[in-house]
J.: 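Let me begin by handing over the structure; questions about it come next.
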Number of protein chains: 2
Amino acid sequence: MNERNEKPDSFKPSSYRTPDGVPTDIVVFTIASREKEGAKKALPIRELQVMLIQRKMWPFEGKWALPGGFTRDTETVHECARRELEEETGVSGVLLEYFNVYSAPGRDPRGWMISHAFFALVREGCLAGRSPSDEAAEVVLFPVEEALEMELAFDHAVILRDALERIRHQMLTTTIAKEFLPEQFTISELYQVIRTVAPAFEERNFLRKVTSTQSRKGILEEVLDSDGRPAVSNRYSQRPAQLYRFTDYAPELSIYG
Amino acid sequence: MNERNEKPDSFKPSSYRTPDGVPTDIVVFTIASREKEGAKKALPIRELQVMLIQRKMWPFEGKWALPGGFTRDTETVHECARRELEEETGVSGVLLEYFNVYSAPGRDPRGWMISHAFFALVREGCLAGRSPSDEAAEVVLFPVEEALEMELAFDHAVILRDALERIRHQMLTTTIAKEFLPEQFTISELYQVIRTVAPAFEERNFLRKVTSTQSRKGILEEVLDSDGRPAVSNRYSQRPAQLYRFTDYAPELSIYG
DNA sequence: TGAATAGTGTCTATGAGACATTATTAG
DNA sequence: CTAATAATGTCTCATAGACACTATTCA
């Protein structure tokens, strides 16, 4: 590294104050399913939930907050988020994506803290064996609608709103729906997952649109059984529904054409 | 603020090392126009350029780098980027958007530095009266293609590539093209700007697609002159071309419908 | 049989894509 | 006239959107 000469004697790292810490905050989303009342074979009711922990230390003792922790000098903020997610929920290998930085002076009474916010999308059930860590008194999944109304610690209410806005957008413009679905799924399941995250999305002819030979722009493919016939499932319906999976293809969107 | 109790005596801000600084790096893009050779009335040749400064201090003395500076404890990283942009280029009121954090340990030989990267889109000419600051020996606009081949200081080559990828995507999915255009413009101008940033974009029937009564999904509107007739310009053509402007409308994109 | 979801038929209007053609002005 | 760009005509086929209709299975 020839550009990394000796550090001159005159160099001082900074004559300004430096941050007191660089935490990450992780907005862990999951979709919970409940069987419908009338116990007949029917589509489950799905609900978007977010993981919160109850703080047991100053500041905001007793308040609900997003999970997270401080970045170390041996890791990137992304590695920190991955580590904290695993420590606090035991899950790994799930989608974890950075989405914004929160740096307003005074946002953390402990000092100058610049926080990096991530969202994680976790399949229901992966969060089964979770246990409170040192930092948290309790770890609970709340319905998003409920969490949005709560008084959260720090600026976490803002972070949660931003995360929700982000995954709503991503749900429609990328294939992150797959994070909430099994590898093979029916079109109704897919539609339900999309609508659970982004209720504003409504397509009358969703099935046809996404499967018709030309119109499925390659994002989905039929699942075939060992005989080469379309595989079906009757998990959620009387009449068996055809199974699909996502391909690796991601279409390019444009407002111009 | 009842949750902000007194800080307990036992509280220590952190028992871990804290960062030595939180810089911002700003990728300033502009589009330069040159008249075509044959001096006839013709569309100009446009080129995407990026602003670099030549460092005159350790580390990476003499290397080209992105402009930027250290965040203070009285401002957000966004405010820091806005301030640095103004200090180093004199421009204000332009699009400045955060896009990623760079936190790999060892990315800065001065210490543990977590950098926040922004891109700015600046109209040609706004960068006229720029002058070198304390930090930089020289401030120069490079063609992006050229800058991509250079050995930049720190991890700025990666940041530049990421920024370019980001504005290419945004050019097609948002109306940031307006940052490079006058308030009123012809369809050819718009097409040229889009293609200058995202050369892969090609639409044969661009004019028709974006203006036909139904198909312009509301992102553009005709400019009318004082008589209520469509305004035209012959800046770039023999035959006058109709002028348009962007509306405030931003369409919602979806891969599903 | 009815309940519940899956999937098709059919119609119209609009859109994309391809290419040829005409229009307008400067020089 | 020619050069250069602006804009329209025309054709085919795919698609969107609406809504009625049929299909399959369970209980």
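Within every chain, numbering begins at 1; the chains are lettered A, B, ... in the order of the sequence lines, protein sequences first and strands thereafter.
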J.: Measure CD/A:Gln238 against P/D:dT22 and give the value in whole Å, please.
T.: 20 Å
J.: In whole Å, I'd like the distance from the CD atom of A:Gln192 to the P atom of C:dA4.
T.: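 The distance from CD of A:Gln192 to P of C:dA4 comes to 15 Å, rounded to the nearest Å.
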J.: Can you tell me if A:Ser212 touches the phosphate of D:dT15, counting only side-chain N or O atoms and a distance under 4.0 Å to OP1 or OP2?
T.: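 Checking A:Ser212 against D:dT15: no side-chain N or O falls below 4.0 Å of OP1 or OP2.
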J.: Looking only at side chains, do B:Tyr102 and B:Asp162 share a donor and an acceptor under 3.5 Å apart?
T.: yes
J.: For B:Asp248, does the CG atom sit with more than 12 other heavy atoms under 6.0 Å from it, leaving out its own atoms?
T.: no
J.: Is the distance from OP1 or OP2 of C:dG17 to the nearest side-chain N or O of B:Arg204 less than 4.0 Å?
T.: no
J.: Mapping B:Pro240 and B:Glu203 onto DNA chain C by nearest heavy atom, which one lands closer to the 5' end?
T.: B:Glu203
J.: Looking at the side chain of B:Leu207, which of C:dA6, C:dG17, D:dT8 is the nearest nucleotide?
T.: D:dT8
J.: Which of the following nucleotides, D:dT5, D:dT24, C:dA6, is nearest to the side chain of A:Thr186?
T.: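 Within the option list, the nearest is C:dA6.
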J.: Whole-Å distance between C:dG7 C1' and A:Glu189 CD?
T.: 16 Å
J.: Closest to the A:Ser237 side chain: C:dA6, C:dA18, D:dT5?
T.: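 Nearest to the side-chain atoms of A:Ser237, counting from C-beta on, is C:dA6.
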J.: Whole angstroms only, please: what is the CD-C1' distance between A:Gln242 and D:dT25?
T.: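 Nearest whole value for this atom pair: 17 Å.
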J.: Please report the closest heavy-atom contact between B:Pro67 and B:Ile53, naming both atoms and the distance.
T.: CA-CD1, 4.1 Å
J.: For B:Glu202 and C:dA16, what is the distance between atoms CD and P respectively, to the nearest whole Å?
T.: 16 Å
J.: In dot-bracket form, 5' to 3', how is DNA chain C paired? Count Watson-Crick and G-U wobble pairs only if both distances fall under 3.5 Å, and write | where the partner sits on another strand.
T.: ||||||||||||||.||||||||||||
J.: Any luck finding a side-chain donor-acceptor pair between B:Thr24 and B:Glu84 under 3.5 Å?
T.: no
J.: Looking at A:Glu124, I want to see if its CD is surrounded by more than 12 non-hydrogen atoms of other residues, nucleotides or ligands under 6.0 Å.
T.: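 Yes, the 6.0 Å shell around CD holds more than 12 heavy atoms from other groups.
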J.: For the NE2 atom on A:His78, are there more than 12 heavy atoms of other groups (residues, nucleotides or ligands in this structure) within a distance under 6.0 Å?
T.: yes
J.: Within the pair A:Lys209 and D:dT15, is there a side-chain N or O less than 4.0 Å away from OP1 or OP2?
T.: no
J.: To the nearest Å, how far apart are A:Tyr236 OH and C:dA3 C1'?
T.: 19 Å
J.: On DNA chain D, compare the nucleotides closest to B:Arg239 and A:Asn205; which residue's is nearer the 5' end?
T.: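 Mapping each residue to its closest nucleotide by heavy atoms, the 5'-most match is B:Arg239.
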J.: To the nearest angstrom, how far is B:Phe206 atom CZ from D:dT5 atom P?
T.: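 So the two atoms are 17 Å apart, to the nearest Å.
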J.: Calculate the interatomic distance between A:Arg208 atom CZ and D:dT22 atom P; express it in whole Å.
T.: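 Distance, rounded to whole Å: 15 Å.
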J.: Under the salt bridge (charged side-chain N to carboxylate O under 4.0 Å, His left out) rule, collect the residues that match up with B:Arg46, sequence neighbours excluded.
T.: B:Glu189
